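Have a look at the structure below before the remarks.
Keep in mind that the numbers below use all heavy atoms, side chains included, and drop hydrogens, waters and symmetry copies. Because the structure is a prediction, the values reported are computed rather than measured.
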Amino acid sequence: QVQLVESGGGLVQAGGSLRLSCAASGRAGSTYAMGWFRPPPGKEREFVAAINWSGSSTYYTDSVKGRFTISRDNAKNTVYLQMNSLNPEDTAVYSCAAVAASAYGGNYYYTGEKDYDIWGRGTQVTVSS
């Protein structure tokens, strides 16, 4: 079974940047589509960004387009979320999620919380005004 561990969160001032990492460990030999999610304070968990297993396709929620970039290094079994121009509304616990490409077939990204079956514990991002 694959385990996911996020890192890179912290406290940053508005306008600043952070890079989150999600390291996958455990069973090798499978390819996984990956996503990032966050539950803003007082709200349900929402989709942030997704990437297919090869890294050739990405997708973002509208509020982070142009500011966040998702990428992956399959040799390191790690997915990244580069976050620039952060604002207080980005404050949340960011969790990464994974689903084996074999679960649905093909090389796709997924935006639904229920599309994923492996989750990390999350890393806190706090943006001060």
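Note: the hydrophobic cluster containing V93 does not contain M34 (ILVMFWY, side chain heavy atoms under 4.5 Å, direct or indirect links). Linking Ile, Leu, Val, Met, Phe, Trp and Tyr residues whenever their side-chain heavy atoms come within less than 4.5 Å leaves F47 and L4 in two separate clusters. One hydrophobic cluster, built from ILVMFWY side chains closer than 4.5 Å, holds both F68 and V79. Note: the hydrophobic cluster containing L18 also contains W36 (ILVMFWY, side chain heavy atoms under 4.5 Å, direct or indirect links).
One N or O on the side chain of Q3 and one on the backbone of Q1 form a donor-acceptor pair closer than 3.5 Å. T123 contributes a side-chain N or O that, together with a main-chain N or O of G9, makes up a donor-acceptor pair within less than 3.5 Å. When atom types are taken as modelled, the side chain of T91 and the backbone of V127 share a donor-acceptor pair closer than 3.5 angstrom. In this structure a side-chain-to-backbone donor-acceptor pair under 3.5 Å is present from N52 to G55.
Counting only heavy atoms from C-beta outward, the side chains of T78 and S21 approach each other to under 4.5 Å. Side chains of S95 and R121 form no contact here, defined as non-hydrogen atoms less than 4.5 Å apart. For the pair V125/L20, a side-chain contact is recorded, criterion being any heavy-atom separation below 4.5 Å from C-beta on. Residues L11 and Q124 form no side-chain contact, since every pair of their non-hydrogen atoms from C-beta on lies 4.5 Å or further apart. Annotation: side chain of E44 is not in contact with side chain of P39 (no heavy-atom distance under 4.5 Å). Within the 4.5 Å cutoff, no side-chain heavy atoms of R19 are placed close to those of M83.
A donor-acceptor contact closer than 3.5 angstrom links the side chains of R38 and Y94. In the model, N107 has a side-chain atom that pairs as donor or acceptor with a side-chain atom of S54 under 3.5 Å.
Heavy-atom minimum distance, Y32 versus A98: CD2-CB, 4.1 Å. Heavy-atom minimum distance, L81 versus A49: CD1-CB, 4.1 Å. Taking every heavy atom of both residues into account, G122 and E6 meet most closely at N-OE1, 2.9 Å. The two residues I118 and V2 make their nearest non-hydrogen contact at CG2-O, 3.4 Å. For the pair G106 and A101, the tightest heavy-atom approach, listed with the atom from each and the gap, is O-CB, 3.7 Å. Contact detail for A50 and Y110: the closest heavy-atom pair is CB-O, 3.3 Å.
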Practice item. Evaluate the side-chain hydrogen bond (donor to acceptor under 3.5 Å, both in side chains) criterion for residues S17 and N84: first the C-alpha distance (whole Å), next the side-chain angles of each, then the deciding distance (0.1 Å), finally the verdict. Key: CA-CA 4 Å; S17 299; N84 299 328; 2.9 Å; yes
**Study point:** Worked verdict on D115 versus T111 for side-chain hydrogen bond (donor to acceptor under 3.5 Å, both in side chains)
**Key:** CA-CA 7 Å; D115 294 328; T111 62; 5.0 Å; no
Review point. Under the side-chain contact (heavy atoms from CB on, under 4.5 Å) criterion, do R67 and D90 qualify, and how do the steps go?
Key: CA-CA 11 Å; R67 300 189 299 122; D90 296 316; 2.8 Å; yes
Check your understanding: Checking side-chain contact (heavy atoms from CB on, under 4.5 Å) for the pair Y109/T58: CA distance, chi angles, key distance, verdict?
Key -> CA-CA 7 Å; Y109 57 74; T58 59; 5.9 Å; no
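Checked against the 6.0 Å centroid threshold, F37 and W119 count as a close aromatic pair.
With rounding to the nearest 0.5 angstrom, the OG atom of S71 is 6.0 Å from the CD1 atom of I51. The OG atom of S129 sits 9.5 Å away from the CD atom of Q13 when rounded to the nearest 0.5 Å. Interatomic distance, CD of E89 versus NZ of K43, reported as 8.0 Å (0.5 Å rounding).
Exactly one of Y59, Y60, Y80 qualifies for a side-chain contact (heavy atoms from CB on, under 4.5 Å) with I70. That residue is Y60.
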